[in-house]
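What you see below is based on every heavy atom in this structure, not just the backbone, and it leaves out hydrogens, waters and symmetry mates. Per chain, numbering begins at 1; letters A, B, ... match sequence-line order.
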Number of protein chains: 2
Amino acid sequence: MTAANRSSSTPKLQAQPLYARVQQALVDRLIAGNWRPGTMLPSEFAIAEELGVSQGTVRKALDEMTALGLLVRKQGRGTFVAEAEDTSILFRFYRLTRDDASTALAAPAASFPDSTYLSQVCGTATSKEQEVLGLNASDKVWRFERVRSDHVEPILWESLVLPVSRFPSIDETTQLPNNVYQFYGNEHGIIVARVEEKLRAVIAPPNIVSALGLESGAPMLEIDRRAIALDGQIVEWRTSLCRSDTIHYRNELK
Amino acid sequence: MTAANRSSSTPKLQAQPLYARVQQALVDRLIAGNWRPGTMLPSEFAIAEELGVSQGTVRKALDEMTALGLLVRKQGRGTFVAEAEDTSILFRFYRLTRDDASTALAAPAASFPDSTYLSQVCGTATSKEQEVLGLNASDKVWRFERVRSDHVEPILWESLVLPVSRFPSIDETTQLPNNVYQFYGNEHGIIVARVEEKLRAVIAPPNIVSALGLESGAPMLEIDRRAIALDGQIVEWRTSLCRSDTIHYRNELK
DNA sequence: AAGTGGTCTAGACCACTGC
DNA sequence: CAGTGGTCTAGACCACTTT
């Protein structure tokens with residue numbers, strides 16, 4: 001971008017720095033679904049030339065998007081849209097660990113649990129579901145229930161609520177995979193940018209006690225999670241009830 | 001740094017990029033206590049000249065340290081060592097929120113709780129304390145117990161264990177302030193770089209029930225926290241038992 | 001006006017990957 | 001070997017704060 005057209009597009013006060021506008025332009029393409037997870041982006045120089053800015057400015061935008069977990073950069077190969085199955089991306093949103101894990105606190109979880117689906121129903125969103133997912137009264141949702149187990153035992157019961165409008169291809173026969181965020185990205189072009197969680201301690205409900213083989217009245221960790229897509233909309237409401245006798249939730253604050 | 005002395009100090013293969021070595025040099029000064037929290041660092045150009053590198057390289061190091069929460073940059077003023085009382089630094093390590101808070105999930109906690117200290121004793125580290133804090137059998141620790149309350153009610157009971165060797169100025173008469181990380185930084189030059197937490201659900205112990213006015217058998221959130229200083233050593237072991245009927249733990253994963 | 005951090009550019013060279 | 005990202009430099013200019 002020359003001095004002339006920079007000053008013409010933003011006369012004096014530029015609302016946003018150039019690299020931020022470049023970043024937004026790239027994020028917009030991700031939202032539009034132009035680039036699915038795993039896709040290789042054009043090179044820094046190609047993007048720079050296309051947008052009329054310098055390569056250093058594109059680099060700053062790409063670096064920030066990489067820090068946000070949206071992109072993965074591989075020296076000598078290229079810049080790619082992050083995939084849920086990328087190493088260390090897999091565990092980005094998974095914080096449960098066995099108490100007896102020999103690893104240090106900072107180490108990643110040893111294993112990613114598998115899932116057994118218990119139910120899969122479609123219905124009109126309840127008022128609470130409307131509020132959480134930002135839906136209207138007539139909107140429909142898919143509701144899934146599953147039990148997740150690690151290599152030792154069942155560790156949690158989980159409920160997933162998805163707005164039908166964002167997942168039009170789901171039907172009664174759809175087999176949700178174990179890694180649902182990979183499914184959201186590859187099948188629906190929905191990239192989960194971040195998740196917000198609320199954690200509480202609760203007493204295990206009787207039906208969960210039997211499903212997980214717990215003692216009656218056992219304390220459990222309840223995790224209320226909302227997954228937010230790149231466009232800022234909540235695309236999944238998840239409630240997990242995790243056993244707390246052998247599993248804990250690890251967190252690192254920086 | 002000229003091409004000549006760069007190639008002489010790192011003949012061909014440089015183990016670390018230059019900005020990383022600059023960053024480590026600056027972190028080392030923080031560890032040594034040369035710069036207390038709130039201190040203004042030399043300007044980018046001054047650091048660059050002193051270390052014989054370009055200003056852009058210093059900038060990259062400072063930007064990373066800012067991202068780690070170690071520094072605070074203020075345009076037109078300078079770069080400062082982060083203080084625990086800096087806005088938004090205050091809540092960096094505090095994740096508890098009232099259930100009825102009208103704020104969105106992403107909003108910061110409404111209030112920082114105050115503390116009532118229950119006990120303050122010095123003793124030889126137990127084997128568990130030795131393991132957690134990396135101490136020897138004869139090492140001593142300070143143990144504090146406190147109850148923390150927000151504007152409504154007591155919300156948690158908390159135990160703090162500190163190695164005496166890192167906090168030589170503490171004695172029986174020391175009044176720990178409410179914001180202990182500020183105290184660590186200003187009084188002992190200990191900068192907490194990050195904390196690691198393990199969360200579990202437990203049944204409230206009888207003595208906690210009475211201290212917080214809970215119902216017998218209530219589920220509580222147990223938070224096992226280790227605070228890690230810049231030098232990588234654990235300087236505080238904290239165990240919190242938080243009421244779960246009106247308070248939750250919020251987390252955002254990116 | 002002087003000094004600070006923030007943005008942007010242009011170009012050089014290095015390190016890694018894949019053909 | 002060509003193409004990619006990664007590092008480093010030098011310099012220009014902008015925005016903000018303090019004197």
Side-chain angles (χ1 to χ4, degrees), chain A residues 1-26 38-67 70-82 86, chain B residues 1-26 38-67 70-82 86:
Chain A
M1 183 176 281
T2 65
N5 64 22
R6 180 166 67 249
S7 57
S8 68
S9 61
T10 55
K12 270 301 184 191
L13 274 297
Q14 44 196 35
Q16 290 230 54
L18 193 48
Y19 71 85
R21 284 175 284 166
V22 169
Q23 183 176 343
Q24 190 57 53
L26 297 174
T39 307
M40 179 179 159
L41 267 60
S43 73
E44 298 179 350
F45 279 106
I47 296 174
E49 187 180 16
E50 181 195 339
L51 299 181
V53 302
S54 79
Q55 178 250 8
T57 298
V58 172
R59 164 169 289 271
K60 179 146 184 171
L62 294 177
D63 280 347
E64 287 206 357
M65 292 172 72
T66 302
L70 301 179
L71 303 178
V72 175
R73 316 196 72 177
K74 299 177 184 174
Q75 182 172 153
R77 304 229 289 120
T79 303
F80 303 82
V81 181
D86 282 334
Chain B
M1 185 177 280
T2 66
N5 65 22
R6 180 166 66 249
S7 58
S8 68
S9 61
T10 55
K12 270 302 184 191
L13 274 298
Q14 45 196 35
Q16 292 231 70
L18 193 47
Y19 72 84
R21 285 176 284 166
V22 169
Q23 183 176 345
Q24 190 57 55
L26 297 175
T39 306
M40 179 179 160
L41 267 59
S43 75
E44 297 179 349
F45 278 106
I47 296 174
E49 187 180 15
E50 180 196 339
L51 299 180
V53 302
S54 78
Q55 179 249 9
T57 299
V58 173
R59 164 169 288 270
K60 179 147 184 171
L62 294 178
D63 280 347
E64 287 207 357
M65 292 172 72
T66 301
L70 301 179
L71 303 178
V72 174
R73 314 196 75 179
K74 299 177 183 174
Q75 183 172 157
R77 305 230 290 121
T79 303
F80 302 83
V81 181
D86 282 335

### Task
Verify the contact: side-chain N or O of B/Thr79 to OP1 or OP2 of C/dT4, cut-off strictly under 4.0 Å; return yes or no.
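For C/dT4, neither OP1 nor OP2 has a side-chain N or O of B/Thr79 closer than 4.0 Å.
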### Query
According to a strict under-4.0 Å criterion, is B/Ser54 in side-chain N/O contact with OP1 or OP2 of D/dC8?
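Negative; the distance criterion is not met.
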What is the separation between atom [atom1] on [X] and atom [atom2] on [N], rounded to the nearest whole Å?
X: A/Glu49; N: D/dG3; atom1: CD; atom2: P; answer: 14 Å
X: B/Gln55; N: C/dG5; atom1: CD; atom2: P; answer: 8 Å
X: B/Gln23; N: D/dT7; atom1: CD; atom2: C1'; answer: 15 Å
X: A/Leu62; N: D/dG6; atom1: CG; atom2: P; answer: 9 Å

### Query
For B/Phe45, which contact category applies under a 4.0 Å heavy-atom criterion: base, sugar-phosphate, or nothing?
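It contacts nothing in the nucleic acid.
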Could you go over nucleotides 1-3 of chain C and give all protein N or O partners under 3.5 Å, atom names and distances?
residue	atom	partner	partner atom	Å
C/dG3	N2	B/Gly76	O	3.0

### Message
Quick check for you: to the nearest 0.5 Å, what is the distance between A/Ser43 atom OG and A/Gln55 atom CD?
### Response
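So the gap between those two atoms works out to 9.0 Å.
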### Task
Check whether any side-chain heavy atom of A/Thr57 lies under 4.5 Å from a side-chain heavy atom of A/Leu51, and answer yes or no.
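A side-chain contact is absent here, since even the closest heavy-atom pair is not under 4.5 Å.
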### Message
Does any part of the side chain of B/Leu26, heavy atoms only, come nearer than 4.5 Å to the side chain of B/Leu70, both counted from C-beta?
### Response
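Of all side-chain heavy-atom pairs linking B/Leu26 with B/Leu70, none is under 4.5 Å.
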Could you go through residues 71-78 of chain B and list every donor-acceptor pair under 3.5 Å that involves a side-chain atom there, pairing it with any protein atom two or more places apart or in another chain?
residue	atom	partner	partner atom	Å
B/Arg73	NE	B/Thr79	OG1	3.4
B/Arg73	NH1	B/Asp63	OD1	2.7
B/Arg73	NH2	B/Glu44	OE2	2.3

### Query
Looking only at heavy atoms, what is the nearest atom pair of B/Tyr19 and B/Ala61, with distance?
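Scanning both residues completely, I find the closest heavy atoms to be O-CB, 3.6 Å.
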